[in-house]
Amino acid sequence: MFWRSVVGKLAITILLLVSFVLFILTILLLQFFEDFHIQEAEQDMLQTAEKVSMLVNTHADAHDEKKLIEETTESVKDPASRVAIVSGNGDLWVSDSEDEQLSKLKIDWLEQEGLSSVLTNNVQVQKQMRLPGSEREAMIVGVPMKHQDGAIYVYQSLNVIDKTKAETTKIIFLAAGIAIVLTTIFAFFLSTRITSPLIKMREAAFDLARGEFNTKVPILTHDEIGELALAFNRMGRQLKFHLNALRQEKEQLSSIVSSMADGVITLNRSGDMIVTNAPADRFIEDWYYENNLPYRADERQLPSELKTILQEVIDGETEAMHELSLQGRNWVMVMTPLYDQSYVRGAVAVIRDMTEERRMDKLREDFIANVSHELRTPISMLQGYSEAIVDDIAESKAEKNELAQIIHEESLRMGRLVNELLDLARMEAGHIHLRREEVKVGPYVERIHKKFQGLANDNNISLHLDKTILEPTATFDPDRIEQVFTNLIDNAIRHTSKDGYVNITVTNDNEAFYVEIQDSGSGIPEEDLPFVFERFYKADKSRTRDKQKKGTGLGLAIAKNIIDAHQGTINVNSKLNQGTAFNFRIPKQWEEK
């Protein structure tokens, strides 16, 4: 609305102010001019009466000059007025007038209207009255004659004064109207001049709100509005500087949080996760998997069990530390309150995976024992069976060949163990050499599938391949990746009972080469999950389908080193007696070290 704008308010204010001043001034001027015209008329009538009085006194003794006095009186008076000459003996003469409705004065009026004091007391009289027998208002003055008895009365109708007042009023109202029109033009001009820079500043403020910090308001004047525009431009520059500083600080903080090995979660009082990094996301994902709940990446609510820790921190306003176990991994959560001055507005949780530290301690203790155990068995068997041959315990040639075959198998097993240990040592030392090739994914995985199809059929296990090939090729070392496939598929078949299944899912797109091998086997105990990729890890013999086929316990460790050399990731999820799922991912862009 116009009247709600600054232009309208300022213009209306100026108009109202000027109109009020003009209204008061018009009333005062009208009253002033009315009084002025009446005084001027009375003064003129008094002068006329004085002149007539002097004329009468001059010719008082000349009886034959009466006509001269009357003629002279007619010439000196106002044509619209009347002059009445009253002598001491009561004679009355009244002049003519152009105003025919102006009645002639009569002697009895003098007593009725209180005009006789001019004759009796020799005083001047000025009065406004209604003429007897008429509706006309008249103004009358009376002057006593000098040097003789009598009085001169001059009177005229107030219509003359009213006409003069009407003309004056018309002029005043015309001037007031012109003043209001000029004031209106001036008010709009002034308000536009004032509000035009303000409108530009409002538009610039909207630009700032949209993030256009280079917006500047033109400085058109050097008054307060110009200073306001200058201050606005300075504010825009300062705002841009501070926002850039905040953005840089935010990016720096985000980079620090993203690069942390520990999980970081920033929470508000309601338990909404505001900021998380990749380790924290993996922790939340494992928690959902552990509790058989569907995981959604857009779910930003803290899990219900962890909310109790948050509530403890908010209520107590103190740091809280708890240990959690998920998927066989040990986590330590340290949650600290976040303050907004003295008010707790949330908390920050730092989640550290302590599994590696505890596992490394255990591995250092178990490594020598495991190597000794793995070598002791074949050495003992070699020693025992060779002594049997030397001591002729095996008498027949067939028995000796059988013992020799066992010795040969154990020597091969010991050789494989030593070779895998050396191979693993080279990988862990970073001496692994990859033969990088561009591999056609479809034929490659189909060949591996056919390679194990016979073994799966022999054990009544369904081996299924599911391919999603969005990109026809991928770059990796085909021999090393086939070694990973072989280890994972062989393990899956060995740990799956008859009539079970092993599903191979392969996805190749423009981002990565992804493989998941899932079985319906016996699964891995939760306490063993953190150690599956370590050297000499073996599944519990009671959960292995093929009791005769033994492994060295180094296959998964070698597979992990091969995937790490491809700068990829390998993970495992498992539940006891429900199955196991291994998956690995090789990024599309990786550099061979």
Keeping the roles fixed (side chain from Asn577, backbone from Gly523), state whether a donor-acceptor pair exists under 3.5 Å. no
Does Ile274 offer a backbone N or O that forms a donor-acceptor pair with the side chain of Asp272 under 3.5 Å? no
Please report the interatomic distance OG1(Thr507) to CZ(Phe513), rounded to the nearest 0.5 Å. 9.0 Å
Side chain to side chain contact (heavy atoms under 4.5 Å, CB included) for Glu526 and Leu576? Distances and angles first, verdict last. CA-CA 7 Å; Glu526 182 178 344; Leu576 199 59; over 6 Å; no
Would you check if Glu323 and Met354 make a side-chain contact, meaning some heavy-atom pair closer than 4.5 Å? no
d(Leu22 CG, Ile172 CD1) to nearest 0.5 Å is 11.0 Å
Heavy-atom closest contact (Asn510 atom, Glu471 atom, distance): N-CG, 3.5 Å
Distance, nearest 0.5 Å, that separates CD of Glu249 from NE2 of His242: 12.5 Å
When every non-hydrogen atom of Ala280 is compared with those of Thr276, the smallest separation belongs to CB-CB, 4.3 Å
For a quick test of reading the model, state the closest non-hydrogen atom pair linking Pro587 to Ala512 and the distance between them. CA-CB, 4.0 Å
Any non-hydrogen side-chain atom of Asn491 less than 4.5 Å from a side-chain atom of Phe582? no
If you define the side chain from C-beta out and look only at heavy atoms, does anything of Asn487 sit under 4.5 Å from Leu556? yes
Quick check: does any side chain N or O of Asn573 sit under 3.5 Å from a backbone N or O of Ala581, one acting as donor and the other as acceptor? no
Indicate yes or no: at least one non-hydrogen side-chain atom of Val344 is less than 4.5 angstrom from one of Tyr339. yes
For the residue pair Phe33 and Phe36, categorise the inter-ring angle as parallel (less than 30°), tilted (30 to 60°) or perpendicular (more than 60°). perpendicular
Out of curiosity, Asn508 CG to Thr468 OG1, how far, rounded to the nearest 0.5 Å? 10.0 Å
Donor-acceptor contact below 3.5 Å, side chain Tyr444 vs main chain Val439: no
Using atom types as modelled and distance alone, determine if a side-chain donor or acceptor of Asn503 lies under 3.5 Å from a backbone N or O of Gln518. no
Heavy-atom neighbours of Lys307 NZ exceed 12 at 6.0 Å: yes
Please check if the number of heavy atoms outside Met235 that lie under 6.0 Å from its CE is greater than 12. yes
Test item: Arg436 side-chain N/O and Thr475 main-chain N/O as donor-acceptor pair under 3.5 Å: no
Is there side-chain contact between Thr486 and Gln483, with at least one heavy-atom pair below 4.5 Å? no
Going by heavy atoms in the side chains, are His449 and Lys467 under 4.5 Å from each other? no
Check: Ser574 side chain, Ile524 main-chain N or O, donor-acceptor pair, under 3.5 Å: yes
Would you sort out whether Val264 and Val275 count as a side chain to side chain contact (heavy atoms under 4.5 Å, CB included), showing the intermediate values? CA-CA 8 Å; Val264 178; Val275 177; 6.0 Å; no
Backbone N/O of Asp262 and side chain of Asn277: donor-acceptor pair under 3.5 Å: yes
CD1 (Ile570) and CG (Asn583) are apart, to the nearest 0.5 Å, by 7.5 Å
Which atoms form the tightest heavy-atom contact between Arg269 and Leu310, and what is the distance? O-CD2, 4.2 Å
Would you name the heavy atoms of Arg585 and Ile563 that are closest together and state the gap between them? O-CG2, 4.4 Å
If you define the side chain from C-beta out and look only at heavy atoms, does anything of Val515 sit under 4.5 Å from Phe485? yes
Measure the spacing between CD1 of Ile309 and NE2 of His322 and express it to the nearest 0.5 Å. 4.5 Å
Kindly indicate whether the side chain of Pro279, heavy atoms from C-beta on, has any atom under 4.5 Å from the side chain of Ile351. no
Charged N-O contact under 4.0 Å between Asp564 and Lys560: yes
For Met321 and Val332: C-alpha separation, side-chain torsions, deciding distance, then whether side chain to side chain contact (heavy atoms under 4.5 Å, CB included) applies. CA-CA 7 Å; Met321 184 173 66; Val332 174; 3.8 Å; yes
Taking Ser520 for its side chain and Tyr501 for its backbone only, find out whether a donor-acceptor pair lies under 3.5 Å. yes
Judged by atom type as modelled, is there a donor-acceptor pair below 3.5 Å linking the side chain of Asp44 to the main-chain atoms of Glu40? no
Show your working on side chain to side chain contact (heavy atoms under 4.5 Å, CB included) between Thr184 and Leu15 and close with a plain yes or no. CA-CA 6 Å; Thr184 303; Leu15 283 175; 3.0 Å; yes
How close do Gln128 and Met139 get, counting heavy atoms only, and between which atoms? CG-CG, 4.2 Å
